[in-house]
**Student:** 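Quick one: the structure is below, and I'll ask about it shortly.
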Amino acid sequence: MTSTVHRTCPLCEAVCGLTLTLDEGGHVTSVRGDRDDPFSRGFICPKGASLGRLDEDPDRLRKPLIREGDLWREASWEEAFDTVRQALGRVADRRGVGVYLGNPNAHSMAGQLYAAPLIKSLGTRNIFSASTADQMPKHVASGLMFGHPLAVPVPDLDRTDYLLMLGANPLESNGSLCTAPDFPGRLKAIRARGGKLVVVDPRRTRTAALADEHVFVRPGSDAYLLFGLVHTLLAEDLVDIRHEVNGLDEVREAAKHFPPEVAARRTGVPAETIVRLARELAGARTAAVYARIGTCTAEFGTLAQWLVDVLNVLTGNLDRPGGAMFPKPATEFGAGRRPYTTGRWRSRVRGLPECNGELPVATLADEIETEGEGQIRFLVTVAGNPVLSAPHGARLDRAFATLDFMVSVDPYLNETTRHANVILPPPRMLQAGHYDFALLGFAVRNYARYSPPLLPLADDRPSEAQILARLAMIASGLEGDLDEFVIDQMLRKAVDTPGSGIEGRDISELREILEGETGAERRLDLMLRLGPYGEWSGKGELSLKTLLDNPHGLDLGALQPRLAEVLKTASGVIELAPPQLVEDVQRLRDRLEEEPPDIVLIGRRHLRSNNSWLHNVPPLVGGSNTCTLQINPADVARLGLDGHAVVRSATGEVTVPLEPTDTIMPGVVSLPHGWGHGGSSQSVAAEHAGVSVNILTDESAVDVPSGNAVFNGVPVSILPTGVITAH
Ligand SMILES: Nc1nc2c(c(=O)[nH]1)N[C@H]1C(S)=C(S)[C@@H](COP(=O)(O)OP(=O)(O)OC[C@H]3O[C@@H](n4cnc5c(=O)[nH]c(N)nc54)[C@H](O)[C@@H]3O)O[C@H]1N2
Ligand SMILES: Nc1nc2c(c(=O)[nH]1)N[C@H]1C(S)=C(S)[C@@H](COP(=O)(O)OP(=O)(O)OC[C@H]3O[C@@H](n4cnc5c(=O)[nH]c(N)nc54)[C@H](O)[C@@H]3O)O[C@H]1N2
Ligand code: SF4
Ligand SMILES: [Mo]
């Protein structure tokens, strides 16, 4: 007997609905796109199609591992947790504890519901995550402009007439900070309805090839280009501001330094193109500017993210259909703190500012290696592989080896977790429930879908939620049920809040009403009920049951204007020119005076990779998914290269096969990240090892306001192999 089941794909931000066939033994025999999902409508990509292979990868750990010297042995869950408890007991000062949270936490209920209590129980400010190797510039820009780091406007893809997209390649990535299953189809639809798509990228990507226009831009220079656009809008009086804003004069003043001719010099985009794009943006019936990883993980990441929304405001496109809009997720983010600010504390060694309660991963190695009070000696990693993913990961590889103790929650023994003393593996993906707390907050349609666990857990095996809850309880030294504690706190707050749909009601009665098989489900039920469509908000009827009754997901409608609801600035209006950002403009001006490097390195993604961890699935590696250096043929000739080359940066060097292609600008080379496999339990990945680009990226370079890593625009030199040079 086979069974057909449905669940959300947990692998990327597109949240596609999947239809799986399972055999009697619970093995996946087929995976298709779920045609009845109102959001993804049957879309699937090769990663989703391989979910069964990934889920049953024989190299996934089935039991906890304990390391003794260089030897690993399987252990019982009790022994594994006890080992952690004892090691934490030996930590005299919790300031010496560090935490690193990796990207899959954004996709799992465990990460979304239990990482925060774990951090709280550990009682340390040494919190690091993949966010500072990714989107922190957007959070900082949104926090300062709109008052909440999660108030991130997304392009209204399905209705816009004009999309200006920078540093994103959704035909490979399927989109980011813009949850849109079948992103490629949605882009094609813009053109089909007579709209225009412009892609700005140092490479002519598959996304660029699909666009009406592709604009080559020099890496790291997007902030100049965006300022050139702002300058033109203001100079030509093309501004149509539809909201109350502070700081227009300051924006005008700052933009004065970047007329199109100046922007052209640095970006390589002709001044006429900049002027034309500004006019097109202003002239389009509706338009949206959207910029992603290519512009975030860059030297001026926060300035670029800020200017994106300055443009959306100036052109009258913020918060209107077809423009850049704020989603209304079923589990809405909370009030946030007022006013939003960064730098409430600073990192011990480099003095880098805290953002959203965390410190830049670019300084994690400093905090481990530098002696003194608060030196990290005990590290917890959850779903992260910073040895391959963090800037200068090679240094972290060495630093992790010096720790007193490390515990990793991860299904694999890999480049990072090999340094752990204890590895706690979560069970199969199909044994976990799935709700996209984070990603639905960036969705281009309001939508909700819950997938309950499809397979039961074996008796002694904890879910990932239980693993993290257990670690949190060990760290807090408290006894009891973490979920019920959280539920109690949330209910107390809601019944005390005037005007809440359950003001003044009896807490124990409400607890009785909550449904769910697990603590995680009960918490989801509560969040849905209290959320903007929820039964207990007085505005709707949504609860866990509604979602269980709609296994293909629930369409909650097109995005609606809602700026007033999301705006949390102290002034109550949009802050168009936050002082921290205006201050950073000087850095942008200073850089204008410097000679740009001859060759710079950028990254890229391949449809069948997912950061560092899908290279162990045979159908996903090989073919065009390889770790090669894309380089323009003119540079190959100029530098006298052939076959392979040595790429050298300030932090290290690697030897890589060349992939000459005129799709990349001269003076720019590209290596994908997540390669460089070794020392891991992943046997297939080991055969396709590649090299880690993060041997070359420099942790000393950060985007100043956010502390975000700089992966794009890294100065490098390229040398023929066989040439021996002094180091
Ligand atoms: N040079 C360069 N570096 C980059 C980037 C780049 O563009 N260029 N991109 C950056 C970006 S955007 C990101 S998000 C980061 C990602 O940085 P990380 O999150 O540190 O790296 P990943 O490769 O995503 O590692 C995910 C880890 O989680 C494990 N894992 C997978 N599923 C689960 C699960 O369900 N539970 C648990 N507990 N573990 C799980 C995997 O085995 C793997 O060890 O990399 C960054 N690094
Ligand atoms: N298949 C696949 N999908 C993924 C991932 C994956 O590893 N593989 N990772 C997921 C994660 S964690 C994330 S954060 C998202 C990221 O999603 P995207 O932001 O779409 O990421 P990329 O596909 O790397 O596209 C970034 C583009 O920026 C360009 N670029 C580089 N430097 C610059 C620059 O200075 N300026 C401009 N304008 N462009 C530049 C690159 O050439 C590249 O085409 O993807 C997610 N989805
Ligand atoms: S696009 Fe993303 S969510 Fe959709 S099937 Fe592929 S990996 Fe899964
Ligand atoms: Mo990411």
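Small disclaimer: the values here were computed from a predicted structure and weren't measured. Starting from 1, each residue takes its place in the sequence as its number. Remember, it's 1-based here, ligands and their atoms both numbered in the order they're listed.
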**Student:** Among all residues two or more places apart in sequence or in another chain, which pass the side-chain hydrogen bond (donor to acceptor under 3.5 Å, both in side chains) test with D57?
**Tutor:** Y412, N616
**Student:** Show the atoms of ligand 2 that are less than 4.0 angstrom away from any heavy atom in I293.
**Tutor:** 14 (S), 18 (P), 19 (O), 21 (O), 22 (P), 24 (O), 25 (O), 26 (C)
**Student:** How about atom 2 (Fe) of ligand 3, which protein N, O or S atoms come within less than 2.8 Å?
**Tutor:** C12 SG
**Student:** Using a 4.0 Å cutoff against the non-hydrogen atoms of R292, which atoms of ligand 2 qualify?
**Tutor:** 14 (S), 19 (O)
**Student:** Could you tabulate the donor-acceptor pairs under 3.5 Å formed by side-chain atoms of residues 40-53, not counting sequence neighbours?
**Tutor:**
from	atom 1	to	atom 2	distance (Å)
S40	OG	G17	N	3.0
K47	NZ	L607	O	2.7
S50	OG	P46	O	3.0

**Student:** Select the closest option to atom 27 (C) of ligand 2 among T297, L607, D201, N625, judged by heavy-atom distance.
**Tutor:** D201
**Student:** May I ask which of P202, P672, C178 has a heavy atom nearer to atom 40 (C) of ligand 2 than the others do?
**Tutor:** P202
**Student:** Holding to salt bridge (Lys or Arg N to Asp or Glu O under 4.0 Å), I want the full list of residues that pass it with R191, two or more places apart in sequence or in another chain.
**Tutor:** D212
**Student:** Check the surroundings of atom CZ in R35: do more than 12 heavy atoms from other residues, nucleotides or ligands lie under 6.0 Å from it?
**Tutor:** no
**Student:** For ligand 2, note which part of S176 has a heavy atom under 4.0 Å away: side chain, backbone, both or neither.
**Tutor:** side chain
**Student:** Out of S131, A304, A208, G220, indicate the one that has the non-hydrogen atom closest to atom 35 (O) of ligand 2.
**Tutor:** G220
**Student:** What part of N712 sits under 4.0 Å from ligand 2 if we count only heavy atoms: the side chain, the backbone, both or neither?
**Tutor:** side chain
**Student:** Given R449, which partner from the list D436, D34, D36 fulfils the salt bridge (Lys or Arg N to Asp or Glu O under 4.0 Å) test?
**Tutor:** D34
